[in-house]
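One structure is given below, encoded as structure tokens.
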Amino acid sequence: MTMGFLRECVGRRGLYYARLALAVAFVLAGAAGLSARDDDPYARSRDYDLQNVRTHLRFDIEHKKIMGEVTESLAILRENVGALRFDSVGLTIESVTLNRAAAEFDVQPKELVVRLPQKARRGERFEVTIHYSGQPTKGLYFILPDKNYPEQPKEIWSQGESEDTRYYIPIYDYPNDRTTSEMLLTVPGDWWTVSNGKLVGIKSETDGTKTWDWKQSETLSTYLISVVAGEFVEKKDSWRGIPLEYAVPKGQEFKIDTTFLRTKGMLDAFSDALDVKYPWAKYAQTSVDDFIEGGMENTSATTLIARALVHPKLAAESIYGSDELDSHELAHQWFGDLVTCKDWANLWLNEGFATYFEHYWTEKNFGKDDADYEFWLDGNRWMNQKSLFGVPVVTRQTDESLETEGNIYTKGGLVLNMLREKLGDQDFFRGLHHYLDVNRGQNVVTADLIKAIEQETSVNVDEFFQQWIYRAGAPKFEVAVKWDDLVDSVHLQVKQTQEVKGLVPLFHVPVEVEIATKSGVKTFPIDVSKDEEIFSFAVDGPPLMVIFDMGNRILKSVEFKREPAALIYQLTHAETVPDRAEAAKALGEVKGNADVVAALGEAARADAFWGVRVESLRALGKIGDAAAEKEIESALLNDKPWVRDVAVAQLGNFKTDASLGAQLGKIATEDAAYRVRNAAMQSLAQLKAANAFDVLNAAVQMDSPDNTTQRAALRAFGTLGDDRAVPILLAWAALGKPNDLRQAAIGSLGPVGRGNKDVTRALVSYLDEPRISKFAVVFALGRHGDPDAIPVLENFLKSGKLGPGLASVTKNQIESIRAQVAANKPAESAYGPAAQDSNGAGGVDNAALTNQLEKLERRLDEMNERLARIEERVAAPKK
Ligand SMILES: [Zn+2]
């Protein structure tokens with residue numbers, strides 16, 4: 001699946017919002033304990049093989065209630081089985097029949113136990129029918145209109161992963177079994193539904209309802225069962241004889257074409273590369289409101305978050321549209337659905353592949369430069385997630401509940417990219433074909449992939465998987481170069497500086513070294529395996545540029561001190577995008593060098609690839625002097641909005657230039673692209689420009705596609721921190737306003753209007769609202785700093801309904817309020833984490849506290865921006 005950002009209850013796959021929140025909370029207040037993840041890392045031993053599930057659901061829509069009947073056909077797998085156990089949480093079991101005769105059963109908190117009249121033998125078959133009802137708290141969700149949102153289309157949708165199907169169907173609910181499935185849905189006559197497999201028929205009932213009958217004849221694991229029903233509009237299409245459906249909530253049908261235009265291209269690309277045709281009877285992509293994930297790859301019926309739909313008026317300013325999300329879920333139809341991980345410890349076999357094929361689609365459709373840039377960004381991001389370094393991709397550690405998805409998704413994708421590099425294209429794709437072919441319709445562990453690759457390619461990949469998947473970390477290189485003119489050689493000293501400890505090994509990797517001299521460029525392959533080695537290369541003159549790991553093929557970090565001239569040469573001459581991007585990034589650390597600034601400026605305007613322009617702009621922003629500012633301004637005319645907005649965002653760093661206000665104000669109202677105008681508002685707010693309030697105030701009243709302008713303005717108010725925004729923010733945070741705008745306004749109410757009790761009261765009232773992110777509210781209360789919120793947050797904590805992420809964030813925000821109170825009232829005794837850091841010198845060190853609070857503010861601003869970026873990525877996804 002692709003992670004959403006508003007889920008409150010943090011499962012093993014964690015969530016962006018929660019992760020952001022925690023990143024900030026941990027930095028500020030030290031790590032709070034997290035409870036272990038819920039999902040079982042080991043597959044269970046099975047008593048029976050589930051062979052077919054026929055579920056019929058009826059709905060009491062108003063009461064969000066289901067009435068279900070499920071018939072499960074199964075075969076016993078062991079001798080002397082006395083009872084059949086079904087996972088079932090919160091459901092009222094009304095009756096159970098066993099082979100059509102009434103059966104005895106016990107309902108336990110997490111399972112339904114059906115007693116067998118006598119011990120069953122291996123191979124014996126049973127048909128169990130369960131009548132049940134319930135109001136699911138997970139697994140199945142009702143999105144309904146109410147008096148504040150009368151236009152909301154009615155929607156019911158499911159989310160089974162990881163182990164939530166049991167909240168609406170009593171069933172064997174762990175991935176190490178597969179079953180065929182039939183889903184009957186009785187719904188109002190004007191509703192639309194989708195589930196797994198083929199539509200067998202739609203039957204009109206006497207009461208005006210209709211029963212839709214969906215049947216999946218190939219097997220699936222139960223977390224992939226899907227139900228979507230409601231007021232949707234669908235568009236039909238087809239690909240190589242397979243029906244395609246795109247469905248969206250009523251009223252959003254104008255976004256279908258701009259969102260799904262490349263689905264058929266993706267189906268071509270993946271089917272052809274794998275030489276395994278898309279394996280299911282149809283492919284439906286359904287966007288639903290308030291989805292708790294970004295996307296979910298239910299077999300033949302992907303569910304997507306409606307926020308990722310691409311508005312036609314915004315399509316031209318988004319390079320990838322929703323391709324990243326859509327290609328990720330489509331790739332899962334092979335990796336995850338056709339072959340399914342046997343247990344959650346091997347989840348990377350689902351998610352690593354889905355992530356890899358997002359990049360593969362980028363490469364096929366947008367070009368290798370784009371894909372290389374994505375891998376470079378992913379690699380840097382992964383290396384920065386320090387908590388993941390000691391943890392292998394395949395792990396059964398249960399105390400890492402929030403942290404491991406960076407390994408399972410990002411590192412998994414990077415490892416597959418390295419595997420392709422190692423094997424070459426032909427063997428890589430033949431190996432994957434064989435893996436899918438021999439494991440089709442089965443559950444897999446990593447050893448199945450290793451075996452399939454070796455069988456097909458005769459390449460031994462044991463060492464590769466050992467170091468990258470079963471062991472942890474990545475090489476951290478320290479590289480130094482010396483030119484020896486006595487022997488015309490370049491000596492390269494290569495050290496691996498990662499701490500070899502626990503599961504982190506010394507790495508054995510192939511690396512290409514590229515050396516440019518006056519007479520040209522030469523590439524030297526080397527084999528790095530020791531903690532320290534010196535390699536010598538004969539070249540015909542002093543090197544102008546030395547690149548270690550040309551093209552960034554290895555997941556790694558490199559410390560490599562080079563002269564600015566060599567880096568400038570690399571920025572302007574290196575052939576691959578990662579090598580130029582890396583040079584730009586390194587040059588961002590060089591201050592006060594006119595040549596560096598000029599070279600970055602030139603690259604920011606004219607590099608052949610947009611991502612290098614972006615990295616050069618960021619480097620100039622980091623350098624931060626007047627010359628750098630000039631270069632950034634000269635890049636403001638870039639024709640690509642996704643470059644121009646970076647230039648505009650960098651201008652927010654130049655606080656001493658009073659003339660920027662007018663310039664940014666003009667961009668905020670006149671630029672052709674919404675995203676650039678939005679970036680200008682954020683920069684105005686960051687600069688606290690004199691015109692910022694008026695520009696934002698005008699923008700918040702403007703209509704825009706998907707409310708993009710209003711949302712950006714509301715968010716920028718939080719950065720600006722001008723108390724005149726309080727009534728505006730309160731008005732937009734109120735019930736009845738669009739939900740995304742409410743959340744933006746709530747986020748900004750934290751830092752605005754300190755001491756204003758109306759703000760505290762309003763924020764507290766949002767804690768009870770189901771459609772508002774509790775993370776957003778808790779954070780806003782923390783930033784607001786009103787001690788009146790402390791007892792409220794303490795009660796909220798005591799309610800016991802918070803997931804580990806939210807509980808931890810709430811605790812930290814209570815501490816943060818206490819620290820702020822202490823800072824504002826130095827006479828009172830101080831307590832809380834900030835006070836403890838103040839040297840223990842007896843009294844309260846106000847300077848230290850203020851300093852801490854400023855840091856907190858900066859971190860929260862950063863988080864706000866990161867959140868905005870993530871939302872943009874969901875709206876125009878990166879992931
Ligand atoms: Zn996924």
Side-chain angles (χ1 to χ4, degrees), residues 1-5 7 10-16 18-19 37 39 157-165 175 196 220-226 263 266 270 274 278-280 283-288 291-305 307-308 320 322-362 374 378 381-382 393-394 402 404-417 432 436 443-444 446 449 870 873-874 877-879:
M1 83 185 122
T2 298
M3 294 169 286
F5 53 94
R7 200 161 107 175
V10 180
R12 60 181 270 107
R13 255 155 301 287
L15 301 142
Y16 276 130
R19 242 162 48 196
R37 64 191 181 196
D39 312 332
W157 44 257
S158 64
Q159 170 55 29
E161 193 174 7
S162 309
E163 301 182 3
D164 289 353
T165 299
N196 313 93
L220 48 68
S221 291
T222 51
Y223 76 89
L224 294 163
I225 291 176
S226 176
T263 294
M266 293 173 196
F270 297 169
L274 297 165
Y278 173 81
W280 313 109
Y283 189 48
Q285 292 169 98
T286 308
S287 301
V288 304
F291 195 45
I292 57 169
E293 304 292 346
M296 181 63 211
E297 66 272 18
N298 301 308
T299 309
S300 81
T302 283
T303 309
L304 301 161
I305 190 167
R307 290 266 312 267
Y320 302 128
S322 68
D323 282 22
E324 185 165 356
L325 176 63
D326 299 346
S327 60
H328 179 104
E329 306 309 336
L330 178 62
H332 271 311
Q333 299 295 324
W334 287 264
F335 300 97
D337 296 1
L338 186 61
V339 300
T340 306
C341 61
K342 172 183 139 182
D343 55 39
W344 302 122
N346 282 280
L347 186 63
W348 86 277
L349 294 172
N350 295 7
E351 300 301 346
F353 274 102
T355 305
Y356 176 76
F357 275 93
E358 293 169 26
H359 301 307
Y360 180 74
W361 168 248
T362 300
E374 289 178 352
D378 272 9
R381 205 175 293 137
W382 188 84
V393 172
V394 171
L402 275 171
T404 53
E405 65 280 351
N407 276 350
I408 292 163
Y409 288 73
T410 312
K411 189 177 179 187
L414 288 158
V415 168
L416 290 168
N417 193 40
L432 296 191
L436 291 171
N443 295 100
V444 284
T446 304
L449 175 65
I870 283 158
R873 273 166 44 175
V874 172
K878 153 88 181 114
K879 176 170 257 165

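Residue numbers count from 1 along this sequence. One-based numbering, in listed order, for ligands and for the atoms of each.
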Can any side-chain N or O of Glu358 pair as donor or acceptor with the backbone N or O of Leu325 at less than 3.5 Å? no
Step through it carefully: locate the ring centre of Tyr356, locate the ring centre of Phe353, and say whether they are under 6.0 Å apart. no
Can you see whether Thr302 engages Gln333 through a side-chain donor-acceptor pair at a distance of less than 3.5 angstrom? yes
Name, closest N/O/S atom of Glu351 to the Zn ion (ligand 1): OE1
Below 2.8 Å, can you find an N, O or S atom of Glu297 next to the Zn ion (ligand 1)? no
Measuring to the Zn ion (ligand 1), does Met1 have an N/O/S atom at a distance below 2.8 Å? yes
Vertex the Zn ion (ligand 1), arms to His332 NE2 and His328 NE2, rounded to 10°: 100°
Using 30° and 60° as the class limits, which term best fits the ring planes of Phe270 and Phe357: parallel, tilted or perpendicular? perpendicular
